Amino acid sequence: MQAKAFEDKVWLSSPTMHGEEIKYINEAYETNWMSTIGENINQIERLVSEKMGCGHAVALATGTSALHMAVKLAGIEPGEKVFCSDMTFGASVNPVVYEGGIPVFIDSEYDTWNMDPVALEKAFEIYPEVRVVIVVHLYGTPAKIDVIKSICEKHNAILIEDAAESLGATYKGKQTGTFGRYNAISFNGNKIITGTSGGILLTNSTEAAHKVRKWSTQSREPAPWYQHEELGYNYRMSNIVAGVVRGQLPYLEEHIAQKKAIYKRYKEGFKDLPVSMNPVDEENSKPNFWLSCMLIDEAAMCNQILGECEAFYTSEKGKSCPAEILEMLAKCNAEGRPIWKPMHMQPIYQRNDFVTREGNGCEKTKDYIASDSIGKDGHPLDVGMDIFYRGLCLPSDNKMTVEQQDRIIKIVRGCFD
Ligand SMILES: *Cc1c(COP(=O)(O)O)cnc(C)c1O
């Protein structure tokens, strides 16, 4: 198939500025608050806690540092197991390891692509001692967070939400990032709104917010000199970064509306193809539609092999696969992306425990480790592996025009010719 390349690259999800950002950056400059203290920081903490309906918002350098502080607040002991979403970005899991904890991965469900509550219950049967659960709302689609929360309550476990991708998404009318005891959002450059970088820890606990303010500014004790009783971090957000976030915050709903329109157009454009879009539980949740993703029906998959660092496929009439579609998009100067490769498949975490609906999922992973690739020997896949194998993220930039999107739809359709 030959498709004409886009003159300007169509991005997966790039920053969208509106003009106010520069005003707040200038204000910081003119008043000389070129620091990790200043009015922009104060204002975004106020605005975010109000918008989210959450007691406290602490502005930090990154979403990852917010997650690290959340894990530290939960008081993980060295060697302690923590239940984590499996199909996610490594940054949602690594902070557990920073604190000496051991992530145990919980398989995903097809309903939301997020942590499977059934597998989570199973995990508590196997490891009743676990006290902390970290749940991700992938691609801006809320997990079944009320069920997950009640499972955590039943087992006396602390719930942490990684809402890095889901700012503005709600579940049963409540913002994601406000269900857990300690939660994180991110303003990384490709998120729904950005500060270039930056993150916020959300909590209703005044004591926890106070601790994070102290830890993130080198844990200074009130004394005339630098006095330290606790380990410190340099994790506070810059007032310049906060200026960008402050300029972006009024546009969150506009970005969500644009991303939702992109999702709907893809859905419409693919309705007669053997594919589905990432699922949305319309009844309970309002996603922020950060990334539009698609999943190819099993019967419409051409032969594809995913090795450790390479993908191979053989074109077939009427069929396609993520590797082929991503290649075609890249040829046309459009940026797609594979689904987050599940953590239990990552070399760094391959030896960690992994729990599926059926119980211990390590058997399936062992097949994968033994063959070092998925796709060639037809062994059964767990849900995360399956979505990784058959799914992909489509260009979802909110500056993409309808014409550009129509061409992307055509390119994808062409792969199934
Ligand atoms: C982006 C992201 C993070 C990390 O946020 P940073 O601000 O980049 O540190 C964590 N978890 C998930 C799921 C993310 O997508």
Side-chain angles (χ1 to χ4, degrees), residues 24-25 28 33-49 52 54-76 78 82 84 88-101 103 132 134 136 158 160-165 167 177 180-191 193-223 226-246 248-249:
Y24 294 121
I25 292 172
W33 288 104
M34 301 297 280
S35 177
T36 49
I37 309 172
E39 194 52 20
N40 289 331
I41 298 172
N42 301 342
Q43 288 303 326
I44 69 158
E45 288 186 340
R46 183 182 62 79
L47 289 165
V48 168
S49 63
M52 305 293 280
C54 181
H56 302 274
V58 184
L60 298 169
T62 56
T64 309
S65 48
L67 280 163
H68 184 189
M69 293 292 93
V71 167
K72 195 174 158 80
L73 282 166
I76 309 280
V82 175
C84 299
T88 183
F89 183 35
S92 62
V93 169
N94 293 336
V96 171
V97 182
Y98 301 166
E99 288 300 302
V132 181
I134 306 179
V136 182
I158 297 172
I160 294 173
E161 280 175 278
D162 176 355
E165 300 180 357
L167 181 59
R181 192 178 304 175
Y182 316 118
N183 314 301
I185 56 177
S186 164
F187 299 111
N188 176 303
N190 73 4
K191 298 296 194 308
I193 58 169
T194 182
T196 65
S197 67
I200 282 185
L201 176 118
L202 296 167
T203 181
N204 278 322
S205 158
T206 306
E207 194 197 340
H210 178 77
K211 278 188 188 164
V212 173
R213 284 177 201 284
K214 182 184 171 192
W215 293 340
S216 63
T217 51
Q218 307 288 19
S219 290
R220 293 168 61 179
E221 299 298 329
Y226 278 78
Q227 177 83 4
H228 302 293
E229 290 174 9
E230 290 180 285
L231 194 57
Y233 303 83
N234 186 3
Y235 273 178
R236 197 72 166 128
M237 184 186 280
S238 147
N239 194 42
I240 293 293
V241 167
V244 183
V245 174
R246 193 177 172 190
Q248 290 261 290
L249 277 171

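What you see is a predicted model, and the numbers here were worked out from it, not measured in a lab. Numbers here simply count residues along the sequence, with the first being 1.
Qualifying side chain to side chain contact (heavy atoms under 4.5 Å, CB included) partners for Ser35, counting only residues two or more places apart in sequence or in other chains: Ile37. Take Thr64 and apply the side chain to side chain contact (heavy atoms under 4.5 Å, CB included) test, not counting sequence neighbours, and it matches Thr62, Ala91, Pro95, Tyr98. Applying the side chain to side chain contact (heavy atoms under 4.5 Å, CB included) test to Val48 and every residue at least two apart in sequence or in another chain returns Met52, Ala57, Ile185, Ile200, Leu202, Leu249. The side chain to side chain donor-acceptor pair (under 3.5 Å) search around Asn239 returns none, not counting sequence neighbours. Listed by chain and residue number, His68, Tyr233 satisfy the ring pair (Phe, Tyr, Trp, His ring centres under 6.0 Å) test with Tyr235 (two or more places apart in sequence, or in another chain).
Between Ser197 and Ala61 the shortest heavy-atom distance is OG-O, 3.7 Å. Minimum interatomic distance between Ala59 and Ile41 (heavy atoms only, all atoms of both residues): CB-CG2, 4.0 Å. Closest approach of Val93 to Pro103, counting heavy atoms only: CG1-CG, 3.5 Å. Between Ala184 and Gly63 the shortest heavy-atom distance is CB-O, 4.1 Å. When all heavy atoms of Ala208 and Tyr182 are compared, the pair lying nearest together is CB-CE2, 3.7 Å. The shortest heavy-atom contact between Ala74 and Ile160 is CB-CD1, 4.2 Å.
Atom OG of Ser205 is separated from atom CZ of Arg181 by 8.5 Å, given to the nearest 0.5 angstrom. The CZ atom of Arg246 lies 9.0 Å from the CG atom of Asn42; values are rounded to the nearest 0.5 Å. Here Arg46 contributes atom CZ and Glu39 contributes atom CD; the two are 8.5 Å apart, rounded to the nearest 0.5 Å. Rounding to the nearest 0.5 Å gives a distance of 9.0 Å between OG of Ser186 and CZ of Phe89. For the atom pair CD1 (Ile44) and CD (Gln248), the distance works out to 11.5 Å, reported to the nearest 0.5 Å.
A salt bridge links Arg236 with Glu45: the closest approach of a Lys/Arg side-chain nitrogen to an acidic carboxylate oxygen falls below 4.0 angstrom. Remark: Lys214 engages Glu221 in a salt bridge, criterion side-chain N to carboxylate O under 4.0 Å.
By the 4.5 Å heavy-atom criterion applied to side chains, Val244 and Tyr24 are not counted as neighbours. Side chains of Thr194 and Asn188 form no contact here, defined as non-hydrogen atoms less than 4.5 Å apart. With contacts defined as side-chain heavy-atom distances shorter than 4.5 Å, the pair Leu201/Leu73 qualifies. Using a 4.5 Å heavy-atom cutoff, the side chains of Glu207 and His210 are not in contact. Under the 4.5 Å side-chain criterion, counting only non-hydrogen atoms from C-beta, Met34 is in contact with Ile240. In this structure the side chain of Thr203 never reaches within 4.5 angstrom of the side chain of Cys54, judged on heavy atoms. Between Val132 and Val71 the shortest side-chain heavy-atom distance does not fall below 4.5 Å.
Between the side chains of Thr206 and His56, at least one donor N or O sits under 3.5 Å from an acceptor N or O. Counted by atom type alone, Trp215 and Glu230 present one or more donor-acceptor pairs between their side chains at under 3.5 Å.
Side-chain N or O atoms of Asn183 include one that pairs as donor or acceptor with a backbone N or O of Gly177 at under 3.5 Å. Judged by distance alone, the side chain of Ser92 and the main-chain N or O of Thr88 form no donor-acceptor pair under 3.5 Å.
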Item to complete: Before giving the answer on side chain to side chain contact (heavy atoms under 4.5 Å, CB included), spell out for Phe187 and Met237 the whole-Å C-alpha distance, their side-chain angles and the decisive distance to 0.1 Å.
Response: CA-CA 11 Å; Phe187 299 111; Met237 184 186 280; 4.1 Å; yes
Worksheet item: Would Glu165 and Lys191 count as a side chain to side chain contact (heavy atoms under 4.5 Å, CB included) if you check the C-alpha gap in whole Å, the side-chain angles of each, and the deciding distance to 0.1 Å?
Response: CA-CA 6 Å; Glu165 300 180 357; Lys191 298 296 194 308; 3.9 Å; yes
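Residue pairs meeting the salt bridge (Lys or Arg N to Asp or Glu O under 4.0 Å) criterion with at least one partner in residues 59-72, sequence neighbours excluded, are absent.
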